[in-house]
Amino acid sequence: MSKIKIAELFYSIQGEGRYMGVPSVFLRTFGCNFTCDGFGMPRGEHSKERDFIAADIKKFFKYQDLPLVSSGCDSYASWDPRFKDLSPMLTSEAIVDRIMEIIPHGEWQDEHLVITGGEPLLGWQRAYPELLDHAKMAGLKEITFETNGTQKLAEDFKEYLVKWQITNHQLNREVTFSVSAKLPASGEKWKEAILPEVVCEYEQVGTAYLKFVVATEQDIKDAEHAVEEFRTAGFKGHVYLMPVGGVESVYALNAKNVALAAMKRGWRYSDRLQVPLFKNEWGT
Ligand code: SF4
């Protein structure tokens, strides 16, 4: 039986992207290939916020007790090894049991499943078929993988996802890849973060769209440059701009400007509804 290391598993409203406003189960897997220490920092500088939290790790007994950060990756505890003990390894059976407890009717109706991270398309690709094939997952219609767009899909996983969508015709199943490709403001290197050939492959399996987190004019220029590279490689999906800000004070500073920038380019605007609605607390 396969297991997945789970940082969080909760029920909320999807606050971002294509399924904004849709009731969703969030399965946050552990592990990421990036650190994104540049978010919310002057360009070239790295956030140290999570180092201070890690120095006090003994004070925190569960994931939900951890402080929110205003710079760096806002889901740091889902990949930083110093917080790994707060994320249990769970069998598919245990994950499904927990999902059945948290969805309102004890079975899938119109809820959507978000598999997020960390980076959910690392090695866990091998474990998802067993989870999705569980009898209690049969009513699930829509899945979104929230990915940074750097991980190739394994051939057998690609085939599995294509088959998953056509197996049960009445359900109109759909797989979406919400690709938050990391711009230089994240602190990650362009060549490692902008991989159009990887993302184009996602379009062979389901719907894929790009979602850039931006705060400044330079970020928006970087997004334009990235979109050019994706389009040149043949990417057809929509483009979203989303304001930076895991905390309300930062988010509120630039949400309107980001919406205007998206409109100007004919791109879509993605809010972060979890910030104004739930203050981005863990489990939202
Ligand atoms: S890719 Fe996402 S989860 Fe990974 S470090 Fe960056 S923001 Fe965090």
Side-chain angles (χ1 to χ4, degrees), residues 4-10 14-17 26-41 43-51 53-54 63 66-84 86-87 114-125 144-153 176-196 198-199 202 208-215 219 222-223 226 230 240-247 250-251 254 258 270 272 274-275 280-284:
I4 305 178
K5 194 166 174 63
I6 299 295
E8 286 191 291
L9 176 52
F10 60 93
Q14 171 59 291
E16 307 174 1
F26 289 79
L27 183 69
R28 188 184 299 288
T29 60
F30 188 88
C32 189
N33 53 321
F34 285 157
T35 61
C36 296
D37 288 329
F39 277 131
M41 299 295 291
R43 207 157 267 229
E45 290 184 27
H46 295 269
S47 169
K48 299 253 182 299
E49 260 188 88
R50 67 190 157 81
D51 294 338
I53 301 168
Y63 200 93
L66 292 166
L68 302 178
V69 292
S70 57
S71 60
C73 168
D74 63 359
S75 52
Y76 60 93
S78 69
W79 55 264
D80 185 323
R82 291 172 293 185
F83 302 94
K84 70 178 189 324
L86 301 175
S87 298
V114 183
I115 303 185
T116 187
E119 170 46 54
L121 295 177
L122 291 170
W124 306 124
Q125 288 186 37
T144 295
F145 291 96
E146 291 187 332
T147 171
N148 59 28
T150 61
Q151 301 302 307
K152 277 175 80 67
L153 298 176
T176 298
F177 297 87
S178 172
V179 180
S180 184
K182 297 296 174 259
L183 297 173
S186 67
E188 299 301 327
K189 293 194 182 78
W190 188 277
K191 278 204 153 61
E192 289 163 19
I194 305 297
L195 301 181
V198 170
V199 175
Y202 300 165
Y209 62 86
L210 297 166
K211 188 179 64 182
F212 294 105
V213 177
V214 293
D219 298 341
D222 290 339
F230 280 103
Y240 288 74
L241 290 186
M242 184 169 85
V244 77
V247 293
V250 177
Y251 152 88
N254 73 338
V258 172
S270 170
R272 282 177 178 262
Q274 65 275 29
V275 179
N280 207 26
E281 283 167 3
W282 304 113
T284 62

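When a ligand or atom number is given, it counts from 1 through the structure's own listing order. Note that these values count all heavy atoms, side chains included, but never hydrogens, waters or copies made by symmetry.
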Within reach of ligand 1, part of Thr35 (heavy-atom separation under 4.0 Å): backbone
Note, Trp124 side chain near Ile115 side chain (heavy atom, < 4.5 Å): no
Gap between atom CD of Glu119 and atom CD of Glu146 - 0.5 Å precision: 10.5 Å
Where ligand 1 meets Asn148 - atom numbers and elements under 4.0 angstrom, heavy-atom basis: 1 (S)
Residue part near ligand 1, for Tyr76, under 4.0 Å between non-hydrogen atoms: neither
Those atoms of ligand 1 less than 4.0 Å from some heavy atom in Phe34: 5 (S)
Check: Pro243 main-chain N/O paired with Arg272 side-chain donor or acceptor under 3.5 Å: yes
Heteroatom N/O/S of Cys32 within less than 2.8 Å of atom 8 (Fe) of ligand 1: no
Closest approach of any protein heavy atom to atom 6 (Fe) of ligand 1, naming residue and atom: Cys36 SG, 2.3 Å
Glu8 versus Ser78, side-chain donor and acceptor atoms under 3.5 Å: no
Straight-line distance of Asn148 CG to Leu122 CG, nearest 0.5 Å: 7.5 Å
Sole residue of Tyr202, Tyr240, Tyr209 in side-chain contact (heavy atoms from CB on, under 4.5 Å) with Ser178: Tyr209
For atom 8 (Fe) of ligand 1, closest protein heavy-atom neighbour: Cys73 SG, 2.3 Å
Numbered atoms of ligand 1 (with element) below 4.0 Å of Gly118, judged on heavy atoms: 3 (S)
Validation row: Lys182, Cys36 side chains within 4.5 angstrom (heavy atoms): yes
Subset of ligand 1 atoms that lie under 4.0 Å from at least one heavy atom of Lys182: 1 (S), 2 (Fe), 6 (Fe), 7 (S)
Atom indices of ligand 1, in the order listed, that fall short of 4.0 Å to a heavy atom of Trp79: 5 (S), 8 (Fe)
